[in-house]
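Values below: every heavy atom of this structure, side chains too, minus hydrogens, waters and symmetry copies. Letters A, B, ... are given to chains in the order of the sequence lines, protein chains preceding strands, and every chain is numbered from 1.
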Amino acid sequence: MNLYKYVSESINNKLGFIANLEVPRNRAFGDFSTNAAMVMAKSAGKNPRELAAEILPQLQELDFVADASIAGPGFINIKLRNDFLWRAASQQKNAKTTAPKKIDLDYGGYNVGKALHIGHLRTSIVGDTFNRIAKYLGHTTKSYNHIGDWGRPMGLIIAWILEYGMPTNAHELNKIYPASTERAKNDDAWMARAKEITAELQSGNPEYKQIYDDFMKISLAQMDDVLHRLNLLPFDATMGERGVAPYVADTQKILEEHNLLTESDGAMIVNVKTDNDNAPMPPLMFRTSSGTQTYAAADLSAIYYRTKTDHPDIIGYFTDSRQNLHFQQVFRVAKMAEITNAELFHTGFGALTGSDGKPFKTRDGGVAELLDILDLSTDAVRSRVSDAGKKLDDETISAIALAAVKFNDLLHDVRADYVFDPNQITSFEGRTGPYILYTAVRLNSVLKRAGDIKNTTATELTDDERNLLIATLDFERTVQSAFDNRATDMIANYAYDLCQLANTFYHNCPILRDDVDDATRARRLQIVQITRDTLASAIDLMGLTIPNEM
RNA sequence: GCGCCCAUAGCUCAGCUGGAUAGAGCAUCGGAUUUCUAAUCCGCAGGUCGCAGGUUCGAAUCCUGCUGGGCGUGCCA
């Protein structure tokens with residue numbers, strides 16, 4: 001049950017007034033507080049405290065209110081009845097929306113012929129978690145991996161392969177693009193050749209197409225490997241620049257019908273600047289002067305394709321914030337040309353920086369590869385396990401290591417830059433993924449030892465028990481809020497807060513010890529079960545798995 | 001130049017509904033288990049919420065200006 005929503009609506013119905021329900025920072029004040037009296041006081045021309053005294057009896061009539069009192073400038077603090085709390089917490093959670101939507105999600109966006117690097121971490125993890133959140137709420141999603149598989153990098157790679165031969169594995173393949181780009185910097189003829197090959201590949205040159213198909217296989221296998229290791233939901237479609245290429249002509253036709261396309265310096269552009277813009281708003285480039293497809297054309301055509309085939313209510317993108325302007329342009333054109341009616345959103349991530357505030361680089365100055373980061377974390381877990389004299393299998397070690405990386409990434413506000421510190425990834429105390437999993441393992445361990453759990457009732461609850469139950473009742477609101485705000489970090493922060501309360505409870509409230517009476521034991525076991533189930537749901541939304549032991 | 005984003009404890013971050021004494025983790029220091037997993041728990045200490053104004057009964061939160069940083073600003077994707 002969404003406790004907050006229930007209490008808030010009940011109070012509003014009772015008072016016939018939309019009041020603001022808050023959770024007091026200091027829990028000693030109560031479980032909830034409302035500023036209704038303070039807000040109403042102004043229009044009523046009354047003193048807030050006097051008004052609070054008038055509405056207090058009405059609130060006390062509500063069946064879930066154990067106690068309501070006036071505090072400070074006119075807050076009304078409410079304490080919930082224990083039996084109500086118990087019934088609410090014992091209910092099956094149901095966060096399903098009453099208005100399910102069709103949502104196309106675009107994240108991942110990997111590049112063919114390049115290793116996945118640290119920059120792909122957020123789009124993968126945050127996009128995947130958002131997808132899981134949307135599904136949890138009952139929406140229908142379709143996830144697209146809009147891969148970079150048709151642009152100039154393809155020409156650069158093919159040019160290299162023509163000269164030096166086909167790579168046999170991903171490691172070799174990944175070296176080609178950087179090498180070829182480096183050469184193009186000082187070799188204009190090489191760059192011209194790459195551009196030419198790109199244009200010819202796009203217009204169907206069979207020789208280039210064959211080479212392309214060959215290294216594409218290596219690249220797709222590499223992507224699958226990473227997806228698997230990150231425990232991401234499989235993409236519903238891996239369809240990128242090339243996949244939408246057949247729809248560019250249709251899209252172009254629509255732009256022409258709306259008289260939006262103009263020619264400029266040999267390129268085809270759409271002017272998107274309006275008189276209201278004081279921001280720089282360059283035109284959207286639909287086709288380059290050398291005749292190649294642009295990424296804007298690909299994204300527009302993707303919107304066209306998705307609208308035609310999926311009829312989505314929402315199309316959402318998760319990429320880094322450097323593409324903010326790009327998506328602004330694309331969205332404007334999509335609306336100007338009436339390509340879609342769907343709500344379009346783009347969530348741009350901040351960068352991962354080093355401790356100097358500059359984009360994160362490895363010690364040798366290179367870009368950190370994603371798999372290297374997972375390996376780093378795995379090694380740290382392994383040595384910690386062996387230091388502690390524990391024996392855990394590889395699967396468990398991988399699960400813990402992955403939790404460390406993913407949770408660290410999910411924890412931060414997606415819009416802000418955050419400092420990426422390898423030491424933090426390999427430190428497992430406090431607010432970390434391993435802490436979350438450890439808590440779940442502890443709770444599972446109690447349940448396993450306890451055997452069957454019978455439902456019970458409770459009217460007396462200790463503070464530790466109450467706080468924990470109330471926290472579990474905040475889960476549905478958190479998921480909804482994470483969805484509304486596209487803020488996956490809310491899930492991670494919620495999970496951490498829940499774990500803190502769970503560990504405090506665990507420490508202070510013995511359950512299976514001999515000196516615990518039956519009623520207390522039954523009550524606490526049920527609390528453990530409720531907490532475990534809630535935590536497991538949060539862990540699942542983050543795409544983590546709970547090990548059997550830690 | 002112009003635009004967007006960011007600035008909270010030594011460090012990393014919450015505070016996404018404008019509320020009461022601004023919260024965590026790490027690091028430092030001090031405690032707790034012959035006990036359901038110590039990757040845990042409890043405590044001490046640590047803050048002019050970048051600066052200056054404004055709106056409000058009330059501002060870390062909203063507005064304006066400034067400073068500092070990141071990113072972007074038509075043929076890379």
Distance-only donor-acceptor test, [X] side-chain atoms vs [N] base atoms, 3.5 Å:
X        : N      : value
A:Thr432 : B:rA39 : no
A:Thr353 : B:rG70 : no
A:Asp387 : B:rA39 : no
A:Ser289 : B:rC75 : yes

Within the 3.5 Å criterion, strictly below it, is a donor on A:Tyr110 or A:Ser124 matched to an acceptor on the partner's side chain? yes
Classify the nucleic acid contact of [X] as base, sugar-phosphate or nothing, counting any heavy atom under 4.0 Å across all strands shown.
X        : result
A:Leu392 : base
A:Arg384 : base
A:Cys509 : base

Would you say A:Tyr496 stacks on B:rA24, if stacking means ring centres under 5.5 Å apart and planes within less than 30 degrees? no
I'd like to check, for A:Phe29, whether its ring lies over the base of B:rA20 with centroids under 5.5 Å apart and a plane angle smaller than 30°. yes
Look at the side chain of [X] and decide which nucleotide, out of [options], has an atom nearest to it.
X        : options                : result
A:Arg152 : B:rU35, B:rC76, B:rA20 : B:rC76
A:Leu325 : B:rA14, B:rG72, B:rU35 : B:rG72
A:Tyr4   : B:rC36, B:rU17, B:rA20 : B:rU17
A:Tyr506 : B:rC41, B:rU37, B:rA14 : B:rU37
A:Ala487 : B:rC16, B:rG19, B:rG74 : B:rC16
A:Tyr435 : B:rC41, B:rG74, B:rU37 : B:rC41
A:Asp265 : B:rC16, B:rC75, B:rU37 : B:rC75

Look at the side-chain N and O atoms of [X] and state whether any lies under 4.0 Å from the OP1 or OP2 oxygen of [N].
X        : N      : answer
A:Lys195 : B:rC76 : yes
A:Tyr438 : B:rC41 : no
A:Arg322 : B:rC71 : no
A:Lys390 : B:rA39 : yes
A:Arg442 : B:rA38 : yes

Which pair of non-hydrogen atoms, one from A:Leu443 and one from A:Val528, has the smallest distance, and what is that distance? O-CG1, 3.7 Å
A:Val441 and A:Pro547 have their tightest heavy-atom pair at CG2-O, 3.4 Å
Using Watson-Crick pairs (N1 to N3, plus N6-O4 or O6-N4) and G-U wobble pairs, both distances under 3.5 Å, which stems of at least 3 pairs involve RNA chain B? B:1-7 with B:67-73, B:10-13 with B:23-26, B:29-32 with B:40-43, B:50-54 with B:62-66
Centre of A:Phe345's six-membered ring, under 6.0 Å away, within 45 degrees of the axis: is that where NZ or CZ of A:Arg486 sits? yes
Is there a ring pair (Phe, Tyr, Trp, His ring centres under 6.0 Å) between A:Phe428 and A:Tyr435? Walk through the geometry before answering. CA-CA 7 Å; A:Phe428 306 124; A:Tyr435 175 84; over 10 Å; no
Spacing of the [atom1] atoms in [M] and [N] (rounded, Å):
N      : M      : atom1 : result
B:rC13 : B:rG47 : C1'   : 15 Å
B:rA59 : B:rU12 : C1'   : 26 Å
B:rC11 : B:rU28 : C1'   : 12 Å
B:rG46 : B:rC5  : C1'   : 30 Å

Can you tabulate the close N/O pairs, meaning under 3.5 Å, that link protein atoms to atoms of nucleotides 42-46 of chain B?
{"from": "B:rC42", "atom 1": "OP1", "to": "A:Thr504", "atom 2": "OG1", "distance (Å)": "3.0"}

Note: [X]-[Y] ion pair, threshold 4.0 Å (strictly below):
X        : Y        : value
A:Asp187 : A:Arg193 : no
A:Arg122 : A:Asp320 : no
A:Arg287 : A:Glu263 : no

Between A:Asn20 and A:Phe505, whichever has its closest RNA chain B nucleotide further toward 5' is A:Asn20
Contact pattern, 5' to 3', of nucleotides 1-12 of chain B - B, S or - by protein heavy atom under 4.0 Å: -BS-S------B
